[in-house]
J.: 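There's a structure below that I have some questions on.
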Amino acid sequence: MPFDQSFFDRSAVEVARDVIGFQLDIGSCGGIIVETEAYEPDDPASHSFRGPTQRNRVMFGPAAHAYVYRSYGIHWCLNFVCRPGSAVLIRALQPVGGMTEMEARRGLADPLLLCSGPGRLCQALGITIEHNGLYLFGPPFRLTPPLLPAMIVTGRRIGISQGVDLPWRFGLEGSLHVSKRFRGKYGPPPTSL
DNA sequence: TTTGTGATGCACT
DNA sequence: GTGCATCACAAAA
């Protein structure tokens, strides 16, 4: 599978598993994606469940674009748009570059708290509503595939009240940088590029 | 270690 | 008015 727009033009469950281990950079900051969640069109936990709105409209546009929304009135959260009405929530990064800048934005130096949560990583990378709708294969984003396929763990999604039993949370096995420990199971290996 | 709660914007009923 | 795809900090146990 090539790493281009078609990589994202699939179900969110597939993409959420396959982007674990990729490096996401914005400017001089970034890290390895170690935790994601999938949100599908028929999924009652998904913003797209009740159809297009002003907030979620980019979820219904072309794949490989960023969907950014405000969470609880305070934080920003970053998603990768997949097939129409589906998206992958980026939940945690292992910081790799631009640590000083990210620490300054976060007001914090603990590497385990820098990017370990969807709101935290957006604050660390400076992601805001300004990034909503931007193409993922163009600036300011840079996405780099891993050299070797990642080992995947799965579990239940966090912070939702509908669809709680779906195993649509994915993590990098053994990572200390996830937002919450995975108790669960090993998932299928990612699709190779 | 787990549980509770305030802060805060906005889509939706 | 209600309910969030959250976080930080306090308090309990």
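Chain letters run A, B, ... following the sequence lines, proteins first, then strands; residues in each count from 1. Owing to the predicted nature of the structure, the values given are computational and were not obtained by experimental measurement.
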J.: Have a look at A:Asn56 and say if it touches a base, only the backbone sugar-phosphate, or nothing, with a 4.0 Å heavy-atom cut-off.
T.: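 Counting heavy atoms under 4.0 Å across all strands, no contact is made by A:Asn56.
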J.: Establish, from distance only, whether the side-chain atoms of A:Gln123 and A:Arg106 form a donor-acceptor pair under 3.5 Å.
T.: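 Judged by distance alone, the side chains do pair up.
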J.: Let me know the distance between CD of A:Gln162 and P of C:dC4, rounded to the nearest Å.
T.: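 Distance check: A:Gln162 CD to C:dC4 P gives 7 Å.
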J.: Name the residue closer to the 5' end of DNA chain C, choosing between A:Leu89 and A:Arg106 according to the nucleotide with the nearest heavy atom.
T.: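 The residue mapped nearer the 5' terminus is A:Leu89.
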J.: Quick one: does A:Arg91's side chain get under 4.5 Å of A:Ile158's, heavy atoms only?
T.: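 In short, these two side chains touch, coming nearer than 4.5 Å.
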J.: Starting from P on C:dA5, measure out to NZ on A:Lys180 and report it in whole angstrom.
T.: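 In whole Å, C:dA5 P and A:Lys180 NZ are 16 Å from each other.
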J.: Need two values: the first and the last nucleotide of DNA chain B, 5' to 3', having an atom under 4.0 Å from any heavy-atom of chain A.
T.: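 It runs B:dA7 to B:dC12.
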J.: Can you tell which of A:Val88, A:Leu143, A:Asp18 makes a side chain to side chain contact (heavy atoms under 4.5 Å, CB included) with A:Phe8?
T.: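 That would be A:Leu143; it is the only one of A:Val88, A:Leu143, A:Asp18 passing the side chain to side chain contact (heavy atoms under 4.5 Å, CB included) with A:Phe8.
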J.: Just to verify, what does A:Arg55 make a side chain to side chain donor-acceptor pair (under 3.5 Å) with, not counting sequence neighbours?
T.: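 Side chain to side chain donor-acceptor pair (under 3.5 Å) list for A:Arg55, sorted by chain: empty.
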J.: With a 3.5 Å limit on both atom pairs, tell me what C:dG3 is paired to, counting Watson-Crick and G-U wobble, or say none.
T.: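 Here C:dG3 is engaged in a pair, and the nucleotide opposite it is B:dC10.
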J.: Please name the nucleotide paired to B:dG4 by Watson-Crick or G-U wobble geometry with both distances under 3.5 Å, or report none.
T.: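 C:dC9 is the nucleotide pairing with B:dG4.
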J.: Is the Lys NZ or Arg CZ of A:Arg70 less than 6.0 Å from the centre of A:Trp76's six-membered ring, within 45° of the axis?
T.: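 Yes, cation above the ring, under 6.0 Å and within 45°.
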J.: Mind checking the C1' distance from B:dC10 to C:dA8? Whole angstroms is fine.
T.: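 Those two atoms are separated by 22 Å.
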J.: Between atom CZ in A:Arg50 and atom P in C:dG3, what is the gap in whole Å?
T.: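 To the nearest whole Å, that distance equals 12 Å.
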J.: Is any side-chain N or O of A:Ser161 closer than 4.0 Å to OP1 or OP2 of C:dC4?
T.: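 Indeed, a polar side-chain atom of A:Ser161 lies that close.
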J.: Nearest to the side chain of A:Leu108, which nucleotide is it out of C:dA5, C:dA8, C:dC7?
T.: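 Between C:dA5, C:dA8, C:dC7, the one nearest the side chain of A:Leu108 would be C:dA8.
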J.: Measure from NZ or CZ of A:Arg57 to the centre of the six-membered ring of A:Phe60 and say whether it is under 6.0 Å with the direction within 45° of the ring axis.
T.: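 Not flagged: A:Arg57 not positioned over aromatic ring of A:Phe60.
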J.: Atom CD1 of A:Ile74 and atom C1' of C:dA5: how far apart are they, to the nearest Å?
T.: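 That distance rounds to 15 Å.
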J.: Indicate yes or no for a side-chain donor-acceptor contact from A:Ser116 to the backbone of A:His177 under 3.5 Å, with no hydrogens or angles considered.
T.: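 Flag set: sc A:Ser116 to bb A:His177 pair under 3.5 Å.
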J.: Return the value, rounded to whole Å, for the distance between atom CD of A:Gln123 and atom C1' of C:dT6.
T.: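 Spelled out: CD on A:Gln123 to C1' on C:dT6 is 11 Å.
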J.: Kindly say if A:Arg120 contacts the phosphate of C:dA8, meaning a side-chain N or O under 4.0 Å from OP1 or OP2.
T.: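 Yes, such a contact exists.
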J.: Rounded to the nearest Å, what distance is computed from the CG atom of residue A:Asn79 to the P atom of nucleotide C:dT6?
T.: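 Nearest whole value for this atom pair: 11 Å.
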J.: Check the distance between C:dC4's C1' and A:Ile158's CD1 and give it to me in whole angstrom.
T.: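 Atom CD1 in A:Ile158 sits about 15 Å away from atom C1' in C:dC4.
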J.: Side-chain N or O of A:His75 versus OP1/OP2 of C:dC7: is the shortest distance under 4.0 Å?
T.: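 No, no such contact exists.
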